[in-house]
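The shown structure was predicted, so the numbers you read here are calculated from the model rather than taken from an experiment. Starting from 1, each residue takes its place in the sequence as its number.
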Amino acid sequence: MSKRVHLTLAVGDYESIRALKEGSVKPDGIELSVLTDMTSDIRHWRMLRNREFDVAELSMSNYLMTRYTGLPFIAIPVFLHRRFRHGFIYINTAKGIAKPTDLNGKKVGLRNFQATANLWIRGILEHEYGVPHRSMHWFKQDEEEVDWTPPANLKIQRIAPGKSVEKMLVEGELDALIHPEVIQPILDKDQRVTRLFANYRDLEIDYYTRTGIFPIMHAAVIKQEIVDKYPWVPINLMQAFEESKKAAYKRMENPRIVPLAWFRHFQEEQEEILGSDPWVYGLGEINKKALETLMQYSQEQGLLGRKMSLGELFINTEAHS
């Protein structure tokens, strides 16, 4: 390939993509402009609504919906963001919520319904703790990123413009809140708010030990027109993402680069539980189970009309490696 194809890549500023961003890893035949200076919600909106990037890290729940509705994106099995979710359920301490089933019938806030993190949390509450997502009354703050009509039996409404679900939780207008990030009242140690699961880390380890699932949040998607014109791009990108991730693991072997006192201790503990490559790419059994679980939750919660096959969702780069 004498001439490199120029592509824009919008992605989170992760250690795993540092080598791609700095240029020490270059995908064969591709010149990447790596864009990291935006929040994930802005990145998702710009890709879904305006198709502004050639390649982008995208919310898995939104991606499932775009594939179902026929928008021209296709993913490679590169999962750039994963996170356990038991620690992202927040409650107002005055509401008498002591266990998950106490959420039945409660007013629960969220930024939007479709976020992958919220999808996982609702699914885990329903399947692991017997709290059906339709038993709660949902109050959302933001517009959804993909046009969507909620199921008729889902109790959901938009809060008034200018209001914040975090403030509503603190002030007691909401009983609970699920959120993709650690909310400000927790960071501020506001005594009016706490986590539903104080021992969330123990529960997450148990969840992984029982299920083998490390929840997938985001995948790397490519405009279909790029794949049609340059069918070799997906495998070359896949190989570059893998090489960049390996460079990150190598760099992290030096605990001096991380300003955490017990970094090496926790890294070794993580390896004992999750193995040497928790961010494994590809469509092997561990990722297949996580993806099928996510699709199950998407159907149950009204985001997907049917189960989709992995072949519909991903280019099988392994077949070309």
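Ionic pairing of R43 and E145 is not present here: no N-O contact between side-chain nitrogen and carboxylate oxygen is shorter than 4.0 angstrom. Looking at E15 and R251, a side-chain N of the basic residue comes within less than 4.0 Å of a carboxylate O on the acidic one, giving a salt bridge. Under 4.0 Å is where a charged nitrogen must lie from a carboxylate oxygen, and between E242 and K245 at least one such pair does. Look at E166 and R111 and you find no salt bridge, because none of the NZ, NE, NH1 or NH2 atoms lies under 4.0 Å from a carboxylate O. Ion pairing of D147 with R49 is present here, as a side-chain N (NZ or NE/NH1/NH2) and a carboxylate O approach within less than 4.0 Å. A salt bridge links E128 with R210: the closest approach of a Lys/Arg side-chain nitrogen to an acidic carboxylate oxygen falls below 4.0 angstrom. A salt bridge links E268 with R264: at least one charged nitrogen is closer than 4.0 Å to a carboxylate oxygen.
Put simply, the side chain of N287 never gets that close to the backbone of L283: no donor and acceptor are under 3.5 Å apart.
Residues F73 and Y63 place their aromatic rings such that the two centres sit no closer than 6.0 Å.
Shortest non-hydrogen contact noted between I17 and L80 is CG2-CD2, 3.9 Å.
Relative to the six-membered ring of W138, R122 meets both conditions, a distance below 6.0 Å and an angle of at most 45° to the axis. For R85 and F88, the positive end sits near the middle of the six-membered ring, less than 6.0 Å away and at most 45° from its axis.
Just one residue in the list Y208, W120, Y207 forms a ring pair (Phe, Tyr, Trp, His ring centres under 6.0 Å) with H86, and that residue is Y207.
Donor-acceptor pairing under 3.5 Å is recorded for the side chains of K21 and T36.
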